[in-house]
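Below: one structure, written as structure tokens.
What you are looking at is a predicted structure, and each value in this text was computed from that prediction instead of being measured. Counting starts at 1 for both ligands and their atoms, in listed order.
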Amino acid sequence: MDIRPLGPAIGVEVSGIDAAKEIDAASRQRLRRAWSENGLLLLRGQKIDEAGLVRFSRNFGELELPPASAQRVYGDGGARQPEIWIISNVIVDGKPIGGLGYGEAEWHTDMSYIAAPPTASVLYAVEVPPEGGDTHFASMTKAYAALPEDLKRAIGGRTARHDSSYTSAGELRRGSKEITDPREAPGASHPIVRIHPETGVPALFLGRRRNGYIDGLALEESERLLDRLWAHCTDPRFAYGHKWRVGDVLVWDNRQVIHRRDAFDPNARRIMLRTQVKGEAPLAAKAA
Ligand code: OGA
Ligand code: MN
């Protein structure tokens with residue numbers, strides 16, 4: 001196994017691993033450590049079916065089933081695995097075969113609006129458009145470390161609400177009411193600074209900008225602080241943008257990265273298989 005940085009900010013490319021094969025205990029440990037320490041793993045040139053992706057993903061923990069609202073029309077000809085979600089813009093018989101469409105997806109952490117958000121998300125590229133649809137990742141450990149002292153003090157010991165009503169593509173989730181006042185948004189509250197349970201490193205944990213709210217603050221103050229925090233943490237110096245090739249597997253760590261996706265041509269096809277690893281309640285950092 002060979003491990004090389006993807007760029008100065010975040011992520012490593014791991015070569016010498018065949019995701020379709022059983023991974024021995026020592027290699028699994030190296031893989032997991034690389035994931036915890038770097039936040040993002042890339043494996044290129046993989047050939048796996050749905051069952052293979054489920055098996056590979058289990059190296060990072062027990063899997064979470066997609067929510068009932070997730071679309072599931074696409075079948076690859078083989079057996080369909082209940083753990084697999086489809087991310088795609090392709091429409092068959094008038095129905096999207098998966099979620100997220102072709103538009104931009106804003107910076108977010110996956111499902112941070114639940115009490116125990118997923119640790120890993122795994123995405124496998126089956127079909128990719130000739131251009132666009134890049135996925136960007138930003139390191140929230142680096143962002144926290146570089147935060148000005150006054151901002152660190154302002155968020156120390158505080159929690160923020162993570163709105164569950166909108167997807168990262170800006171769509172209202174099925175069964176959700178439209179929210180205009182962030183203080184009324186449904187969703188879990190989490191520590192704004194969380195400690196990574198395996199590395200002990202603190203990370204900013206904001207979820208997504210839309211309807212974010214810092215508990216206990218006046219709305220205007222919360223908005224002002226969140227605007228500053230988001231302007232800081234989405235700075236390109238903390239980020240890596242991924243141009244997908246068919247056969248790429250990305251595994252990211254939602255405890256320390258945020259991600260977003262570029263839009264692409266609606267007439268191009270993009271099909272990704274996705275799994276998610278069950279998480280735990282975020283560990284709060286001690287107030288500074
Ligand atoms: C996701 C996601 C981005 C992409 O699957 O959680 O944000 O590039 N996907 O499809
Ligand atoms: Mn996502």
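Ser121 and Asn254 are linked by a side-chain donor-acceptor pair at a separation below 3.5 angstrom, with hydrogens and angles left out of the test.
For the pair Arg270 (side chain) and Gly133 (backbone), a donor-acceptor distance under 3.5 Å is present.
A salt bridge links Asp181 with Arg183: the closest approach of a Lys/Arg side-chain nitrogen to an acidic carboxylate oxygen falls below 4.0 angstrom. With respect to Asp262 and Lys243, no salt bridge is recorded, no charged nitrogen being found less than 4.0 Å from a carboxylate O. Remark: Arg161 engages Asp215 in a salt bridge, criterion side-chain N to carboxylate O under 4.0 Å. Salt bridge annotation for Arg255-Glu198: present, with a cationic side-chain nitrogen under 4.0 angstrom from a carboxylate oxygen.
The proximity of Met272 to ligand 1, defined as any non-hydrogen pair under 4.0 Å, does not occur for either the backbone or the side chain. Using a 4.0 Å cut-off between heavy atoms, Arg260 makes no contact with ligand 1 at all.
The only option from Glu83, Glu64, Glu62 that meets the salt bridge (Lys or Arg N to Asp or Glu O under 4.0 Å) definition with Lys278 turns out to be Glu62.
Here the protein heavy atom with the shortest distance to atom 9 (N) of ligand 1 is Leu100 CD2, 3.6 Å. What sits closest to atom 10 (O) of ligand 1 on the protein, heavy atoms only, is Arg270 NH1, 2.8 Å.
Each of the atoms 6 (O) of ligand 1 lies under 4.0 Å from some heavy atom of Asp110. The ligand atoms of ligand 1 that sit less than 4.0 angstrom from a heavy atom of His108 are 7 (O). Applying the 4.0 Å criterion to heavy atoms of Ile87 picks out, from ligand 1, the atoms 5 (O), 10 (O). Every atom of ligand 1 is numbered from 1 in the order shown, and the set under 4.0 Å from a heavy atom of Thr135 is 4 (C), 8 (O). Heavy-atom proximity to Arg274, at under 4.0 Å, picks out these atoms of ligand 1: 1 (C), 5 (O), 6 (O).
Rounded to 10°, the angle that NE2 of His259 and OD1 of Asp110 form at the Mn ion (ligand 2) is 90°.
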